[in-house]
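Written below as structure tokens is the structure these notes are about.
When reading the values below, keep in mind they use all heavy atoms of this one structure, side chains included, and skip hydrogens, waters and symmetry mates. Position 1 is the first residue of the sequence, and the numbers go up from there.
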Amino acid sequence: MSIYLYIFMFLSLWTIGLTVLARNFRNAYSRWMACAFFAGGCPSFAFSVHLLLIPFLKRHGVLTPALKEGLELISIPAIHLYWYFLSYFVLAGSIVFSGFLSQKASRTAAILLALPVILLLWFTADFNIPFEFRSSDVRLLFGLYMLASFAIYLTGCLKEKDPFIRKNRFRTSIFVITAMSWAYLNDFIGMDRFSFGPGPFEIVSNGQWKHNYLIIAWMVACFLFMESGTVFWGSSCGLKNKGLMIR
């Protein structure tokens, strides 16, 4: 895979997140999904630092030890935001999407659901150089949150009575479920660990993460298609949630 695809991946997801946020900032679901898109782009940003930026600076003779360590430290929060928080953002968004809870109850649920993630981050995350991440530390919690979000998404679709809105809800749900399933298989099941500093960036995995650009391209295509119609949480997805039109 061309290393320049990493740039395409994080810029694409961050652009989608900013678009959703800019058009629907006051909507809670849009805010959660914007967070999910931003977190989804973080690993390709981190890998861009290690596989593109640092080698580029080294080739041109401007990579000092201090600069290298600084760039490595910048990549660590991006790594943690994806592997620890992505499923949390998606689960919190699914609660708003379903409309099962009031706005106040949804906020309370989001706070409570954040506690296990923060505790896991506190006890397992590495913030130092040399750095090592093991996907086994987060695999279980990520999987549980992901499956819970899938169940809430699908239940929210089934309870919708309006055929048009239900169809749009199913399309959004399929979009989320497909993207999250791909991420889990490639980045949590297929990837064992990676490390860096002071040595080179090393990854132990089955190599499937190298094909993540395919799902990113699919997500971008879906976003552009849905934005051109009336089936997304962007400009006019036409979904109702407790009387709020997500538009």
Side-chain angles (χ1 to χ4, degrees), residues 13 16-17 19-40 82 84-117 138-185 188 215 218-247:
L13 290 180
I16 293 176
T19 301
V20 172
L21 191 64
R23 294 186 177 184
N24 306 276
F25 180 77
R26 294 185 178 182
N27 181 268
Y29 180 66
S30 295
R31 293 196 296 271
W32 284 119
M33 292 311 298
C35 289
F37 280 121
F38 184 80
Y82 175 73
Y84 283 87
F85 285 93
L86 175 61
S87 62
Y88 163 71
F89 293 145
V90 173
L91 179 55
S94 72
I95 294 173
V96 177
F97 177 89
S98 69
F100 293 152
L101 302 178
S102 65
Q103 291 184 3
K104 183 177 180 180
S106 296
R107 287 193 292 268
T108 301
I111 294 172
L112 294 176
L113 289 170
L115 296 179
V117 181
V138 297
R139 189 178 293 147
L140 177 60
L141 184 63
F142 188 100
L144 291 174
Y145 274 32
M146 181 185 69
L147 291 176
S149 69
F150 290 176
I152 295 173
Y153 265 106
L154 294 176
T155 304
C157 294
L158 294 174
K159 82 177 186 67
E160 177 57 55
K161 303 301 181 182
D162 186 291
F164 177 76
I165 296 177
R166 184 169 61 248
K167 181 179 179 181
N168 290 343
R169 280 182 174 267
F170 269 118
R171 287 177 175 174
T172 299
S173 299
I174 291 172
F175 177 89
V176 174
I177 291 172
T178 303
M180 289 294 290
S181 298
W182 181 292
Y184 190 70
L185 289 174
F188 292 81
I215 193 64
W218 175 82
M219 291 172 67
V220 171
C222 287
F223 179 79
L224 294 175
F225 170 75
M226 293 175 177
E227 277 288 284
S228 66
T230 56
V231 293
F232 206 65
W233 58 79
S235 60
S236 56
C237 75
L239 303 181
K240 293 181 179 178
N241 182 14
K242 294 289 184 181
L244 280 174
M245 184 70 73
I246 305 175
R247 305 180 57 182

Checklist entry - Within the side chain of R166, is there an N or O that forms a donor-acceptor pair under 3.5 Å with the backbone of L158? => result no
Checklist entry - Distance from Y84 atom OH to F142 atom CZ, nearest 0.5 Å? => result 13.0 Å
Checklist entry - Hey, what do you get for OG (S149) to CD1 (I95), rounding to the nearest 0.5 Å? => result 9.5 Å
Checklist entry - Should F85 and V117 count as side-chain neighbours, where that means a heavy-atom distance under 4.5 Å? => result yes
Checklist entry - Is there a side-chain contact between L154 and I177, using heavy atoms and a 4.5 Å cut-off? => result yes
Checklist entry - Side chains of Y29 and T172: does their closest heavy-atom pair fall under 4.5 Å? => result yes
Checklist entry - Does I174 offer a backbone N or O that forms a donor-acceptor pair with the side chain of Y153 under 3.5 Å? => result no
Checklist entry - F97 and S173: side chain to side chain contact (heavy atoms under 4.5 Å, CB included), yes or no, with the steps? => result CA-CA 10 Å; F97 177 89; S173 299; 3.9 Å; yes
Next on the checklist: Test your reading of the model: is there a side-chain donor-acceptor pair from S30 to the backbone of R26, 3.5 Å cut-off?
Outcome noted: no
Checklist entry - Strictly under 6.0 Å, is that where the ring centroids of Y88 and W32 end up? => result yes
Checklist entry - How about F223 and W218: are their ring centroids closer than 6.0 Å? => result no
Next on the checklist: Please check if the number of heavy atoms outside K159 that lie under 6.0 Å from its NZ is greater than 12.
Outcome noted: yes
Next on the checklist: Taking the side chain as everything from C-beta on, heavy atoms only, tell me whether F150 gets closer than 4.5 Å to M146.
Outcome noted: yes
Checklist outcome for this item: Closest non-hydrogen atoms of A36 and V90, given as atom of the first, atom of the second and distance, are CB-CG2, 4.0 Å
Checklist entry - Counting only N and O atoms by type, is there a donor-acceptor contact under 3.5 Å from the side chain of T155 to the main-chain atoms of I152? => result no
Next on the checklist: Looking at T178, is its backbone amide N or carbonyl O close enough to the side chain of S181 to form a donor-acceptor pair, meaning the two atoms are under 3.5 Å apart?
Outcome noted: no
Checklist outcome for this item: Taking every heavy atom of A34 against every heavy atom of G17, the minimum-distance pair comes out as CB-O, 3.5 Å
Item to check | Working for side chain to side chain contact (heavy atoms under 4.5 Å, CB included), residues V176 and M33 | outcome: CA-CA 10 Å; V176 174; M33 292 311 298; 4.1 Å; yes
Checklist entry - To the nearest 0.5 Å, how far apart are CZ in R31 and CZ in F89? => result 13.0 Å
Item to check | Approximate separation, where rounding is to 0.5 Å, of L101 CG and S106 OG | outcome: 4.5 Å
Item to check | Note, M180 side chain near S87 side chain (heavy atom, < 4.5 Å) | outcome: yes
Checklist entry - So how far is it from T108 OG1 to L112 CG, rounded to the nearest 0.5 Å? => result 6.5 Å
Checklist outcome for this item: Value for CG (L91) from CG (L86), rounded to nearest 0.5 Å, stands at 11.0 Å
Checklist entry - Ignoring hydrogens and geometry, is there a side-chain-to-backbone donor-acceptor pair from Y145 to L113 under 3.5 Å? => result yes
Item to check | Least distance between heavy atoms, M219 atom then I16 atom | outcome: O-CD1, 4.4 Å
